[in-house]
Amino acid sequence: MPHPVKIAPSVLAADFLRLGDEIRRIEDAGADSIHWDVMDAHFVPNLSLGIAMLEAVRKATNLYLDVHLMMDNPEKYLKTFADAGADGISIHLEVHPEPAGILADIRALGKDAGLVINPDMPVEKLRGRVGGIRRLLLMSVFPGFGGQKFIPESLARLREARALLDGEGREDAELQVDGGVGAGNAKDIIAAGADCLVAGTGVFRAPDMAEAIRILRG
Ligand code: DX5
Ligand code: ZN
């Protein structure tokens, strides 16, 4: 049975000068969670949202904070992000090709563990590695920047990932997609099996955020 579709606005596309208002706007618009992109200028060629800012946002909202670590050595920062208020922490398979240990460490901190793969990582590499995850995130752009174009092959990869999760007895795991998601492709993405859509530009730059979220839900 398909899960209800969740929408996770990516703060990367927010107006940082008015971050408090932007968080309220996400809440009022009916988002399910907040996607928090952390970039280290090493694993990806950009720097983004840090820890002090996450702490500030934690104080301002009860929404689920879904932290996406686009960084090398994420294992050194798990407790820092957990203490700063993350509800879920996702790490890249590219950084931890055998992720069981770090995923267990995330769970030991009382947080949901997530696993992420880039567009050029074969979905098959996830086989045997999805135990204990709350969510699987498929990047539909190469990470580092918001506002990129959705890579069309991601639809087939979503179908493959959904089948793999189901085959591994992980029907309960959320399948997320991140990058270039918007009104024009949400229906296809949901039909391909995604049940959580991350969207930055698609929600923050929309004239009406609530309407944009309704449209994304399909
Ligand atoms: C990309 C980030 C995404 C990004 C999505 O590196 O992981 O979360 O903010 O932004 P849009 O929706 O603008 O592609
Ligand atoms: Zn992200």
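Side chains included, hydrogens not; waters and symmetry mates left out as well; all remaining heavy atoms used. We count ligands from 1, going down the list as the structure has it; atoms in each ligand are counted the same way.
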Undergrad: Starting from atom 5 (C) of ligand 1, which protein heavy atom do you reach first, and at what distance in Å?
TA: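 Sorting protein heavy atoms by distance from atom 5 (C) of ligand 1 puts D178 OD1, 3.5 Å first.
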Undergrad: Output yes when E22 and R25 qualify as a salt bridge under the 4.0 Å nitrogen-oxygen rule, no when they do not.
TA: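 Between R25 and E22 there is a salt bridge, with a charged N closer than 4.0 Å to a carboxylate O.
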Undergrad: Could you tell me if any non-hydrogen atom of G202 lies under 4.0 Å from any atom of ligand 1?
TA: no
Undergrad: How close does the nearest protein non-hydrogen atom get to atom 12 (O) of ligand 1, and which residue and atom is it?
TA: G200 N, 2.7 Å
Undergrad: Can you report which non-hydrogen protein atom sits closest to atom 1 (C) of ligand 1, along with the distance?
TA: F145 O, 3.7 Å
Undergrad: Under 3.5 Å, side chain of D195 to main-chain N/O of L175, donor-acceptor pair present?
TA: yes
Undergrad: Taking the side chain from R129 and the backbone from K125, do they hold a donor-acceptor pair closer than 3.5 Å?
TA: yes
Undergrad: Which protein non-hydrogen atom lies closest to atom 2 (C) of ligand 1, naming both residue and atom, and how far is it?
TA: D37 OD2, 3.4 Å
Undergrad: Could you tell me, atom by atom, which parts of ligand 1 come under 4.0 Å of a heavy atom of M139?
TA: 7 (O)
Undergrad: Which heavy atom of the protein is the closest neighbour of atom 9 (O) of ligand 1, given with residue, atom name and distance?
TA: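 It is S10 OG, 2.9 Å.
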Undergrad: Taking only Lys NZ, Arg NE, NH1 and NH2, and the carboxylate oxygens of Asp or Glu, determine whether R127 and E124 approach each other closer than 4.0 Å.
TA: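 Yes, charged N to carboxylate O under 4.0 Å.
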Undergrad: Using side chain to side chain donor-acceptor pair (under 3.5 Å), reason through S10 and D37 one step at a time and then give a plain yes or no.
TA: CA-CA 7 Å; S10 165; D37 283 314; 2.8 Å; yes
Undergrad: Any nitrogen or oxygen of P143, main chain or side chain, under 3.5 Å from a nitrogen or oxygen of ligand 1?
TA: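 In fact, backbone or side chain, P143 has no N or O that close.
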Undergrad: Which of the numbered atoms in ligand 1 are below 4.0 angstrom from a heavy atom of M70?
TA: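 Checking each atom against M70, I get 6 (O), 7 (O).
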Undergrad: If the test is ring-ring contact (aromatic ring centres under 6.0 Å, His included), which one of H96, H92, H68 qualifies with F43?
TA: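 Option passing the ring-ring contact (aromatic ring centres under 6.0 Å, His included) with F43: H92.
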Undergrad: Closer than 2.8 Å to the Zn ion (ligand 2), what protein N/O/S atoms do you find?
TA: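 Counting only protein N, O or S atoms under 2.8 Å from the Zn ion (ligand 2), the list reads H35 NE2, D37 OD1, H68 ND1, D178 OD2.
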Undergrad: Work out whether the distance between some heavy atom of A13 and some atom of ligand 1 is less than 4.0 Å.
TA: no
Undergrad: So which heavy atom in the protein is nearest atom 14 (O) of ligand 1, and how far is it from that ligand atom?
TA: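 Atom 14 (O) of ligand 1 sits closest to the protein heavy atom G180 N, 2.8 Å.
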Undergrad: If I take atom CD1 from residue I91 and atom CG from residue D105, how far apart are they, to the nearest 0.5 angstrom?
TA: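 I91 CD1 to D105 CG: 10.0 Å, rounded to 0.5 Å.
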Undergrad: Starting from atom 6 (O) of ligand 1, locate the nearest protein heavy atom and write down its residue, its atom name and how far away it is, to 0.1 Å.
TA: G144 N, 2.8 Å
Undergrad: Which of the atoms in ligand 1, numbered in the order shown and given with their element, are less than 4.0 Å from a heavy-atom of G146?
TA: 10 (O), 13 (O)
Undergrad: Report yes if the side chains of I189 and F150 come closer than 4.5 Å at any heavy-atom pair, otherwise no.
TA: yes
Undergrad: Which is it for L12 and ligand 1 at heavy atoms under 4.0 Å: side chain, backbone, both or neither?
TA: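 Contact part for L12 vs ligand 1: side chain (C-beta onward).
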Undergrad: For A199, take its heavy atoms, then give the atoms of ligand 1 lying under 4.0 Å from any of them.
TA: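 In order of number, 12 (O).
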Undergrad: Which heavy atom of S140 sits nearest to which heavy atom of G179, and what is that distance?
TA: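 Reported closest heavy-atom pair: OG-O, 2.7 Å.
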Undergrad: Should the pair K111-D83 be classified as a salt bridge under the 4.0 Å nitrogen-to-oxygen rule?
TA: no
Undergrad: To the nearest 0.5 Å, how far apart are CG in D40 and CG in L69?
TA: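 D40 CG to L69 CG: 9.5 Å, rounded to 0.5 Å.
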Undergrad: Under the side chain to side chain contact (heavy atoms under 4.5 Å, CB included) test against V181, which residue among L197, I7, V141 passes?
TA: L197
Undergrad: With atoms numbered from 1 as shown, which atoms in ligand 1 lie under 4.0 angstrom from a non-hydrogen atom of M39?
TA: 6 (O)
Undergrad: Do the side chains of D172 and R134 get close enough for a salt bridge, i.e. N-O under 4.0 angstrom?
TA: no
Undergrad: So if I count the atoms of ligand 1 from 1 in the order they appear, which ones are less than 4.0 Å from some heavy atom of H35?
TA: 8 (O)
Undergrad: Going by the atom numbers of ligand 1, which of them fall below 4.0 Å from some non-hydrogen atom of H68?
TA: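 Near H68, the atoms of ligand 1 are 7 (O).
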Undergrad: Which ligand 1 atoms does T201 reach within 4.0 Å, using its non-hydrogen atoms?
TA: 11 (P), 12 (O), 13 (O)
Undergrad: CZ of R58 to CD1 of I51: how many Å apart, nearest 0.5 Å?
TA: 15.5 Å
Undergrad: Please report the shortest heavy-atom distance between G114 and L103, naming the atom on each side.
TA: O-CD2, 3.7 Å
